[in-house]
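Treat the numbers as computed from the prediction; the structure is a model and nothing was measured. Letters A, B, ... mirror the listed sequences (proteins, then strands); counts begin at 1.
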Amino acid sequence: MKYDHAKIEKKWQKEWTKHPELCAADDKSDKPKQYILDMFPYPSGDGLHIGHVEGYTASDIMSRYARLCGKNVLHPQGWDAFGLPAENFAIKTKVHPAATTKKAIATFKKQMNMLGFSYDWSREVNSSDPEYYKWTQWFFLLLYKNGLAYKKKGKVNWCDNCQTVLANEQAEGGVCDRCSNEVVQKDLEQWYFSITKFIEPSEARSSERQRRCGDAKDGRITSGLLEGLEKLDWPDSTKAAQKNWIGKSEGAQFRLPVILSPKGEESKRSFAGAQDDNLFLEVFTTRLDTVFGMSFALIAPEHELVQKLKSQISNWSEVEKYIALAKKKTDLQRQTEAKEKTGVELEGVKVKNPFTKQAIPLFASDFVLAHYGTGAVMAVPAHDERDFEFAKKFKLPINFVILNEAKRNEESKNRSFAGAQDDEAFVEDGILTNSGEYDGLTSEKAREKIAKWLEKEGIGKKVINYKLRDWLVSRQRYWGAPIPIIYCDKCGEIPVPEEDLPVRLPDDVDFMPTGESPLAKSKKFQDVKCPECGGPARREADTMDTFVCSSWYYLRYSDNKNDKEFASKEMLKKWLPVDLYIGGAEHVVLHLLYARFFTKVLHKLGYINFDEPFLKLRHQGIILAEDGTKMSKSKGNVVNPDDVVKEYGADALRMFEMFMGPLEDMKPWNTKGIVGIVRFLERVWNLYHKADLTDCGEGCKDVPEGMPQLLHKTIKKVTEDIENLRFNTAISQMMIFINFIIRFNVMPRGAAQAFLILLAPFAPHMAEELWSSFAPASAKASAGKNASEDKSEEKDSESIFKQSWPKFNPAMVKDETIQMPVQINGKVRAILTVPADISEDEAKKLSMSDINIIKWLEGKEPKKVIFVKGKLVNIVV
RNA sequence: GCCGCGGUGGCGGAAUCGGCUUACGCGUGCGACUCAAAAUCGCAUGGUCUCACGACCGUGUGGGUUCAAGUCCCACCCGCGGCACCA
């Protein structure tokens, strides 16, 4: 019989849909749970691509394996349906995004079934479904009520051509991705979530929390986003990227008094101004040890102090011009034009270095970021590259105050080293000099001491700064979850009462871009009665960032039909946290950080008893096109899974993607390579159809020598490799087994069954088909509806996915004899076949009497003979 | 620039604790089967030198540790990914 993949795949897919219990997560079972999750896809019109298949196959293997091992597995799938791509597509085609999304979901689902993924579809979620976004809105209110959602003016990307706000991802390179128009920065009032409050651990103490989380002890700590990373089994690169993104830096903040010159006296040389005790410049630094080298200060052009000092600045028109220029630049432009430093001195004003007591000039410069630290910095050109560059350009003094320790040791003997002649900044730690009482201290010690001094004087303190900023969640877009806030002229900003959720997204709104939030154009949507006073009010017209929807979807799968809570406490406790999460690395600092933030909020507020959502995370690597470049529609090098399945079958595609290399590696597609897997599957097929399945046991003389050992080795290797997600080597071990056994025409039935179970997670259709034809004769005979039959036999006649994962016998995986290399000076000169447990004396004796070894030794006496048990002998001459 | 990951045949990749480099697969060559081809099966397949036996070299480069290094240490080169004027 020929292997007809199309026929058997179709057959079993149909059969499996009749038995949803094969994939179902059981809420009532007390078997150990395993939550294996894929990142839910955005259902695009293009359908599933080869990269999805990689990650989903990996998680499917893990899920099927876990079920075979007797675990109660939750393996759900859903749709990240809201978002800009769907809306942009709708704008282009003028078809409502709800319609295109619905169609795309149908396609995705069909493709997933075509690939044999064992999802529990009864738990499907769709973020654009009101039953779902009702809870997205509920989360918004939860954050709002706990002071974690707030409105504030902020800079956003704006495209004048499309008349709309763009997400950062939509404005890459400073250009609108829809029309290639230049993006400008606009100040708009926006909603934010206080993610920065969760960077460091926080204590949960509310009695509210105690009430909700029955088993929680008061005062329990919710780990922070930063240190919470440490206990997670995540890729190092991902942890590093999040750490980097959060960007913690420890330093100090202190005040530089502002000195005003008497009007009309602007001579730069003799500056004898008056100090105004109420005016000061606050700066942040991580290099407090360098303060004695501060020879000027820098301030962001947007800084409010600049405006405050307006009347004192004698070159105001020049300064004003510079500010206007800086404002026009977007952040992106600032970056790309970073090569040359620009700036303007605020003439007529100076600041005082509180350490040297000197008056030093103050410059506005756009390389100082208004939103980081205090928006102003002390400049120490001798020990900071940027300050150095700036000082060179503006001919400002460069005072070295840190000695290069290493260099000093080198040069100390004859010269007194005073680094001032260096023509570049020395940015490392060293020993202080020209720093008054701090001379001779190491940088580290000096920072401590100087910080103490600042505190004593009351002009500064130690401070920690982070790069992470609060999460801007409002979008002036249509296709998203409406923000559940109402504005009343009398009562102000009012949250929508919980019982009024969901705030439904109207489906009759003109979503073509005009510059307004599309929802603002719908009177029907906007006009509402104030929930407080009943007076006229209007709804918030912005929708939420789609990343809000995806920050909690993994919780919903545990209890997706609950209309009283986002999920019941009981189900959350049963299924969460996620044991294994597989998905692309592109959302490392967005989705994966936001989801952690949500989890921490819920933990702190007492809704859940865990504070990290994803215990183990793995990324699937990108699959490149055959030419080693990225697959892209425009290049026409995209591999379509439908075509591959049609030609080679779903089992072949699944296995090939797993065989190509380590899951996390980036690897090129190779259409020729898939035939290797096809050949393997055909060989398995033919073997089961041709070979004698003997019912005699492993010790039986019909069984080829070495076969039982190889079977047990294979069970061991495949089991361990699956557990480590090393599917490529698991498959190669299965190949080794088949390559061996195919030379004989005999296989014990037990081995034949065990192998099929090993194969089942990888090639479920073929395994199921072969299982149904080659289950034991006894089981087949009893496959009727006889309820009184022996249970184990009855089980054999059922789906292969109801069987148990085979166990290996440790005694069987040990080799009795080994090929032991004998080396002379580390070079292999002979290979001896010896018992695996050969003794040192025996091994040495055997080695020394080997003809090749005798030849190579040429009669020389060995200096030393190394013996590694079970490994080798090395003779040193 | 900083952080993270990597560099092994013609190609994708294997290689517990340092212990036979190149498992498995693709490709290629030769052979069997065939009128022939495809498919299938068998054998071979790192490089150099050699008629050959065989020898020497070989995991990005240069050093080092070790009886023994793809693996450990130092310095460097290259590639990929993330962050980036973050004070």
Side-chain angles (χ1 to χ4, degrees), chain A residues 235-249 251 253 283-287 290 297-298 331 334-335 337-341 365-369 371-380 383-387 389-390 427 465-469 585-586 588-589 619 621-622 626 628 655-656 659-662 664-677 679-680 682-683 686 720 726 728-736 738-739 742-743 818-831 862-877:
Chain A
D236 287 343
S237 57
T238 307
K239 289 194 201 181
Q242 285 211 354
K243 217 173 149 182
N244 217 339
W245 184 261
I246 293 167
K248 180 177 186 168
S249 69
Q253 199 168 303
V283 295
F284 171 73
T285 181
T286 54
R287 290 301 303 275
T290 66
L298 293 159
D331 277 358
R334 281 197 189 189
Q335 280 167 33
E337 289 166 13
K339 292 140 240 158
E340 187 150 359
K341 300 273 173 290
S365 176
D366 68 1
F367 85 82
V368 179
L369 307 171
H371 54 71
Y372 186 76
T374 59
V377 294
M378 66 174 201
V380 185
H383 304 292
D384 180 279
E385 274 164 26
R386 296 152 304 175
D387 297 348
E389 239 180 275
F390 195 91
V427 297
N465 254 303
Y466 302 92
K467 285 195 245 181
L468 184 70
R469 279 174 274 161
E586 64 275 14
V588 154
V589 288
H619 304 298
I622 294 170
E626 213 140 349
M655 276 193 106
F656 180 55
F659 186 61
M660 286 188 342
E664 312 214 359
D665 284 12
M666 185 187 274
K667 42 209 175 279
W669 178 261
N670 179 358
T671 302
K672 272 185 187 153
I674 199 169
V675 305
I677 291 293
R679 282 176 196 155
F680 166 72
E682 279 172 349
R683 256 178 288 180
N686 292 334
E720 289 170 357
R726 292 200 301 236
N728 54 332
T729 49
I731 292 170
S732 81
Q733 182 62 38
M734 289 192 267
M735 288 171 166
I736 290 168
I738 291 300
N739 288 349
I742 206 158
R743 300 200 309 245
I818 55 161
Q819 302 289 306
M820 185 182 72
V822 182
Q823 302 178 326
I824 295 177
N825 290 336
K827 284 186 180 171
V828 181
R829 297 302 184 191
I831 290 175
K863 281 193 200 120
K864 199 156 126 191
V865 181
I866 313 273
F867 170 74
V868 184
K869 196 164 169 60
K871 281 270 156 60
L872 53 50
V873 170
N874 188 15
I875 302 164
V876 186
V877 291

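Residue A:Met734 is out of contact with every strand shown, counting any heavy-atom pair closer than 4.0 Å. Across all strands, A:Arg683 comes closer than 4.0 Å only to sugar-phosphate atoms, never to a base (heavy-atom distances). Counting any heavy atom pair closer than 4.0 Å across all strands shown, A:Asn739 reaches sugar-phosphate atoms only and no base atom. Among the protein residues, A:Lys827 comes within range of the sugar-phosphate backbone only, with heavy atoms under 4.0 Å from sugar or phosphate atoms but none that close to a base. Among the atoms of the strands shown, base atoms are found under 4.0 Å from some heavy atom of A:Val377.
Within a 6.0 Å radius of CD in A:Glu385, no more than 12 heavy atoms belonging to other residues, nucleotides or ligands are found.
Proximity of a side-chain donor or acceptor of A:Glu626 to a complementary backbone N or O of A:Thr671 within less than 3.5 Å is detected.
On a pure distance criterion of 3.5 Å, a polar donor-acceptor pair joins the side chain of A:Lys341 and the base of B:rC85.
Taking only side-chain nitrogens and oxygens, A:Arg679 never comes nearer than 4.0 Å to OP1 or OP2 of B:rC24. Contact between the side-chain N/O atoms of A:Lys864 and the OP1/OP2 oxygens of B:rC67 is found at a separation under 4.0 Å. Side-chain N/O atoms of A:Asn670 include none lying less than 4.0 angstrom from OP1 or OP2 on B:rG27. One finds no side-chain N or O of A:Ser365 lying less than 4.0 angstrom from the OP1 or OP2 phosphate oxygen of B:rC85.
Here B:rA87 is the nucleotide among B:rA87, B:rG12, B:rC83 with the atom lying nearest to any side-chain atom of A:Ser249. Distance from the side chain of A:Ser237 is smallest for B:rG4 among the nucleotides B:rC83, B:rC67, B:rG4.
The partner of B:rG81, taking Watson-Crick or G-U wobble pairs whose two distances both stay under 3.5 Å, is B:rC3. A 3.5 Å limit on both hydrogen-bonding distances identifies no Watson-Crick or G-U partner for B:rC51. Searching all strands for a Watson-Crick or G-U wobble partner of B:rC41 with both distances below 3.5 Å returns B:rG31. As the counterpart of B:rA15, no nucleotide is assigned, since no Watson-Crick or G-U wobble pattern has both distances under 3.5 Å. Pairing of B:rU61, defined by two Watson-Crick or G-U wobble distances under 3.5 Å, is identified with B:rA75.
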**Prompt:** Which parts of nucleotides 14-21 of chain B does protein reach within less than 4.0 Å, heavy atoms only, written one letter per nucleotide 5' to 3' as B for base, S for sugar-phosphate only and - for none?
**Reply:** S----BB-
**Asked** Would A:Trp669 and A:Phe656 count as a side chain to side chain contact (heavy atoms under 4.5 Å, CB included) if you check the C-alpha gap in whole Å, the side-chain angles of each, and the deciding distance to 0.1 Å?
**Response** CA-CA 10 Å; A:Trp669 178 261; A:Phe656 180 55; 3.8 Å; yes
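The aromatic rings of A:Phe390 and A:Phe367 sit tilted, their planes meeting at an angle between 30° and 60°.
Closest approach of A:Pro862 to A:Val865, counting heavy atoms only: CB-CG2, 4.1 Å. Across every non-hydrogen atom of A:Lys871 and A:Ile818, the tightest pair is N-CD1, 4.4 Å.
For the P atoms, the distance from B:rG64 to B:rC83 is 41 Å, rounded to whole Å. As rounded to the nearest Å, B:rA69 and B:rU21 have C1' atoms that lie 11 Å from one another.
If you take NZ of A:Lys467 and C1' of B:rC2, they are 8 Å apart, rounded to a whole angstrom.
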